[in-house]
Amino acid sequence: MGCEAKELSVLFVDDAEMAELNERYRSRSGPTNVLSFPMGGGPLEPETEMLGDVVISVDTARREARAAGEHLEETVDRLLVHGLLHLLGYDHERGEAEASAMEREEEGVLARMREEA
């Protein structure tokens with residue numbers, strides 16, 4: 001993915017904490033499954049080895065896993081990859097073309113992860 005020498009922070013929270021983060025940083029009420037917070041590298045910020053933070057709600061992930069008929073670990077992997085792709089600049093909320101590109105990349109990364117497991 002082109003980020004071999006980068007660091008990533010992953011935080012697992014419950015729905016209550018995720019709802020607080022979602023409200024504070026996205027002005028949206030209620031929990032979401034994953035949030036990403038990039039670190040540095042902006043136009044006025046120095047380059048950093050830290051990509052950023054990915055926050056995953058375990059409560060929401062558990063519900064999504066049950067609904068999809070998959071193991072919790074598979075759902076968490078998908079959410080982690082999704083959050084990481086956001087940190088790398090992908091954004092499914094900028095239109096269908098970007099959503100499709102992000103989905104293809106997500107599927108490709110997950111397939112590679114399964115091959116290596």
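Throughout, residue positions are numbered sequentially from 1 according to the sequence presented. Atom set for the values below is all heavy atoms of this structure, side chains included, hydrogens, waters and symmetry mates excluded.
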Distance only, no hydrogens: is a donor on one side chain within 3.5 Å (strictly under) of an acceptor on the other, for Asn33 and Thr60?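 Thr60 and Asn33 do not have a side-chain donor-acceptor pair below 3.5 Å.
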Verify the distance criterion only: is there a donor paired with an acceptor across the side chains of Asp15 and Ser57 at less than 3.5 Å? yes
Distance (rounded to the nearest 0.5 Å) between [X] [atom1] and [Y] [atom2]:
X	Y	atom1	atom2	result
Thr75	Glu70	OG1	CD	3.0 Å
Asp77	His71	CG	NE2	11.5 Å
Glu74	Leu72	CD	CG	9.5 Å

What pair of heavy atoms forms the shortest contact from [X] to [Y], and how long is it?
X	Y	value
Ala19	Pro31	CB-N, 3.7 Å
Val54	Ser36	CG2-OG, 4.2 Å
Val55	Phe37	CG2-CE1, 3.8 Å

Just so I know, are the side chains of [X] and [Y] near enough to count as touching, which here means a heavy-atom distance under 4.5 Å?
X	Y	value
Leu11	Asp53	no
Asp59	Arg62	yes
Met18	Leu35	yes
Leu85	Asp91	no

Could you please spell out the steps behind the side-chain contact (heavy atoms from CB on, under 4.5 Å) verdict for Val109 and Arg112? CA-CA 5 Å; Val109 171; Arg112 289 191 302 273; 3.2 Å; yes
Give the C-alpha distance, both sets of side-chain angles, the deciding distance and a yes or no for side-chain contact (heavy atoms from CB on, under 4.5 Å) between Leu79 and Glu64. CA-CA 10 Å; Leu79 295 174; Glu64 289 181 5; 4.0 Å; yes
For the hydrophobic clusters of this structure (ILVMFWY residues joined by side-chain heavy atoms under 4.5 Å, transitively), does one cluster hold both Val58 and Val76?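 Same cluster: Val58 reaches Val76 through Ile, Leu, Val, Met, Phe, Trp or Tyr contacts under 4.5 Å.
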Going through the checks in order, is the side-chain contact (heavy atoms from CB on, under 4.5 Å) test met by Arg28 and Glu23? CA-CA 5 Å; Arg28 296 185 183 179; Glu23 178 69 35; 5.9 Å; no
Among Glu105, Glu106, Glu103, the one residue meeting side-chain hydrogen bond (donor to acceptor under 3.5 Å, both in side chains) with His82: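 Of the listed options, the one satisfying the test is Glu106.
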Apply side-chain contact (heavy atoms from CB on, under 4.5 Å) to Thr32 and Leu21, showing your working. CA-CA 9 Å; Thr32 187; Leu21 293 171; over 6 Å; no
With respect to Leu84, which candidate in Val10, Val34, Leu51 satisfies the side-chain contact (heavy atoms from CB on, under 4.5 Å) definition? Leu51
